[in-house]
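So the structure is just underneath, and the comments pick up after that.
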Amino acid sequence: MKITLKIWRQANKNAEGSMHSYQLDNVSEEMSFLEMLDLLNENLTAGDEEPVAFDYDCREGICGMCGIVINGSAHGRYESPVPTTTCQLHMRNFHDGDVIEVEPWRAGAFPVIKDLVVDRSAFDRIIQAGGYISVNTGSAPEAHSTPAPKRLADRAFDAATCIGCGACVAACPNGAGMLFTSAKITHLDNLPQGQPERMLRVKAMVAAHDDNGFGGCQNIGECASVCPKEIPLESIAQLNRDLIASLFRGDGRAQ
Amino acid sequence: MASTSLSVHQKAIRSNVAKKALMAVTGLVLICFLLMHMFGNLKIFVSPEAYNYYADWLKHDLLYPILPHGWFIWLFRIFLVVCLVLHIYLMAILWNASLHGRGAKYVRKNRKEQTLSAKLMRWGGITLGLLLVFHLLMFTTGTITPGFAYAVHDPYHMFLGAFSQWWVVLIYAIFVAVVCMHVRHGFWSAFTTLGANVGPGARTVLNVLAYFVAALLFVGFILPPLAVLLGMVS
C-alpha cells in the first residue's frame, strides 16, 4: 500500500520543529508501525537525508520505550481495535492512500530531544521519590512468609503492569502524570510490603509529580483510554484517597 | 526555587491533588446550595404569599432564635462567597499548572473520552461567574430591573415581571444550561477527586448521579421562568 506520512521533524531540543511530508510506497500491511518507519528511514538514508529519530527497544509491547502520537492519539490507539503500544500497532489498521500524522508526546514535563524522541526522565524522578519499598538485600524471603489478600494482590499486579511509556501524559489535556503515578501507588499500597512507607510514598511521589512540571488531573479519562496496559482510571482515585489520608499524618514533616 | 526548602509534607499540602480536593469540597457545597435554591424557587407554584413568606423567612428568621434576626443570611452569604472565591482561586492556579503541563500544542489531537462539559469546565465556569454577577445585580441589588420595580418584600412580583420578557428567560436558560454542564462533569470529578471512584461500578454510579443532579437542576431552575413566560403563573 501507499501512504503519506506527515512527521514532526525537530533537529534538537532548542530547534523549531515542523511537520514534514514523506511518501512511502510498498508498505506491507504485515509491517508494524515501527517497521514502516524503518522502511522510511532506509529510504531517507539512501537519499542522503537525516533519518527520523524515534525511540524503541523490545518491539514486543512490554518495555515502554516506543511511543508516538499517531493521527492525534497516543500509540495510535484510536486506529487500533485493542489497547496497543506503537510497536504492536500494525499497518493493516490503515488503508492504501492514507495520510498519517505522526508527532512526539507533547507535555511540559517531556521535552522533545529530537524528532519523535522525548525526554521522559521526569518519570524516573517520580519513581526515585517513592516508587520503591525498603528491604534488606540478601537471599529472597520465602514467598509465603507474608500473606497478601488475593483481591488486593490482583489489584496490585494489574497496576504493576504499567510500563511507564508516558501515553497517559501525552493524551492528557493537562499534561498530568497522574495515571502513571497512581499505578505505582496502587501497586505498592495494596501489598503488605508497601505499608510501612505508604503515607510517605504518596506524599513524596505527588510532590515529585508536581515539581517536575506535570499538570493537574480533571478526571476526564483520556489517559486510561490510551493506556496499552489498561491501567484503570480508578487508580487515580486510590492515589487521591491515600494522599488525602496522608495529609492527616506526620510522615514527611521537617525534623 | 523556593519550593525546594519545603518538607515533603508541606509539598503534599500544596500539591495539585490537595488543591483539587479543596476545589471538590467547595464545588459540592455550591451544588448543595444550588439544589436548595432550585427547590425554593418552586414555591412560585404554590402561591405568591408562600413564595414571599419563604424569601422573607430565609432573610430574617432562619435559625432564629439561635442567631439574632437577619444574621443567618449574612453568615451564609459570607460562607458561600468564601467557597466561591476559593473555588475560583484554585481553578486559576490549576489552570496555570495545566498550561505548563500540556506544553506545546499538537498539530492534530483526537480526544476520545473528553466530553463537551469536561472541555468547558474552565471557560464555562468563568461564564457562570459573569452570569452570577448579572443575576445578583438583578434580584439582590436591584441595579438592573428589566420589567419590574425592585421591591425587597415582594420577590414574587419581581420574578413575574422579569420573566415575562422572553430575553430574560433566554439568558437564564443559557445560565442554567451552563450550570447543568458544569455540574455534570463537576459532580463526578469532585467525588473522584475525593477518592470515591473505587471501581467501574462506582464510576457508573457517580456518572449516573451526576447526570441526574445536573438534569434536576436544569429542569427545576427553568420550570418557574418558563411557566411565567407562558402565562401559567400570574
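All values derive from a computational prediction rather than experimental measurement. Both backbone and side-chain heavy atoms feed into the values below; hydrogens, waters and symmetry mates do not. Each chain gets a letter, A, B and so on, in the order its sequence line appears, and its residues count up from 1.
- At a 4.5 Å heavy-atom cutoff, A:N212 makes no contact with chain B through either its backbone or its side chain.
- The candidate from A:V206, A:L243, A:L239 with the greatest count of non-hydrogen atom pairs under 4.5 Å with chain B is A:L243.
- In terms of modelled atom types and a separation under 3.5 Å, the side chain of A:E103 and the main chain of B:V107 share a donor-acceptor contact.
- Comparing A:S246, A:C172, A:C223, A:A170 by heavy-atom pairs within less than 4.5 Å of chain B, the highest count is held by A:A170.
- If you measure heavy-atom distances from A:Y78 to chain B, the contacts under 4.5 Å come from the side chain alone.
- Between B:K11 and A:A207, the shortest heavy-atom distance links the atoms CB-CB, 3.6 Å.
- Contacts of residues 5-19 of chain A with chain B at a heavy-atom distance below 4.5 Å involve A:W8, A:M19, listed in sequence order.
- Residue B:M121 touches chain A through its side chain alone, counting heavy-atom pairs closer than 4.5 Å.
- The minimum heavy-atom distance between A:I220 and B:A118, with the atom names listed, is CG1-CB, 4.0 Å.
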Exercise for the section: Apply side-chain contact (heavy atoms from CB on, under 4.5 Å) to the pair B:L194 and A:I244, showing each step before the final yes or no. Expected result: CA-CA 8 Å; B:L194 296 175; A:I244 292 168; 4.1 Å; yes
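- Considering only heavy-atom pairs separated by less than 4.5 Å from chain A, the leading option among B:I13, B:L99, B:V17 is B:V17.
- Residues meeting the side-chain hydrogen bond (donor to acceptor under 3.5 Å, both in side chains) test with B:Q10, sequence neighbours left out: B:S7.
- Heavy-atom distances place no part of A:P111 under 4.5 Å from chain B, backbone and side chain included.
- Among residue pairs with one or both ends in residues 76-132 of chain B, those qualifying as ring pair (Phe, Tyr, Trp, His ring centres under 6.0 Å) are B:F33-B:F76, B:F72-B:F76, B:W95-B:W123; sequence neighbours excluded.
- The candidate from B:Q114, B:K109, B:K112 with the greatest count of non-hydrogen atom pairs under 4.5 Å with chain A is B:K112.
- Looking at A:A107, both its backbone and its side chain come within 4.5 Å of chain B, counting heavy atoms on both sides.
- Each of A:G175, A:G72, A:S225 has some count of heavy-atom pairs under 4.5 Å with chain B, and the biggest count is that of A:G72.
- Remark: of the listed residues A:D211, A:D210, A:V202, A:D210 is the sole one forming a side-chain contact (heavy atoms from CB on, under 4.5 Å) with B:S15.
- Contact annotation for A:V69: only side-chain heavy atoms (C-beta onward) come within less than 4.5 Å of a heavy atom of chain B.
- Within the model, atoms OG1 of B:T193 and CD1 of A:I236 stand 9.5 Å from one another, a figure rounded to the nearest 0.5 Å.
- Closest approach of B:H9 to A:L247, counting heavy atoms only: CE1-O, 3.5 Å.
- A:N240 and B:T192 share no side-chain donor-acceptor pair at under 3.5 Å.
- Residues passing the side-chain hydrogen bond (donor to acceptor under 3.5 Å, both in side chains) test with B:K105: none are found, sequence neighbours excluded.
- When each of B:H185, B:M23, B:R111 is scored by its heavy-atom pairs under 4.5 Å with chain A, the top score falls to B:R111.
- Put simply, of B:K119, B:R122, B:R203, the one with the most heavy-atom pairs under 4.5 Å next to chain A is B:R122.
- Considering all non-hydrogen atoms of both residues, B:V198 and A:R241 come closest at CG1-NH1, 3.4 Å.
- Heavy atoms only, all atoms of each residue included: A:K203 and B:V8 are closest at CB-CG1, 3.5 Å.
- More than 12 heavy-atom neighbours from other residues, nucleotides or ligands sit within 6.0 angstrom of CZ on B:F134.
- Of the atoms belonging to A:Q218, heavy atoms from both backbone and side chain fall under 4.5 Å from chain B.
- Both the backbone and the side chain of A:P173 have a heavy atom closer than 4.5 Å to some heavy atom of chain B.
- No more than 12 heavy atoms of other residues, nucleotides or ligands shown are found within 6.0 angstrom of CH2 on B:W166.
- To the nearest 0.5 angstrom, B:K20 atom NZ is 5.5 Å from A:M178 atom CE.
- With a 4.5 Å cut-off on non-hydrogen atoms, A:E222 touches chain B through its backbone and its side chain both.
- At a 4.5 Å heavy-atom cutoff, the contact between A:L233 and chain B is made by backbone and side-chain atoms alike.
- How far CZ of B:R108 is from OG of A:S73: 8.5 Å, rounded to the nearest 0.5 Å.
- Heavy atoms closer than 4.5 Å to chain B are found in the backbone of A:A171, but not in its side chain.
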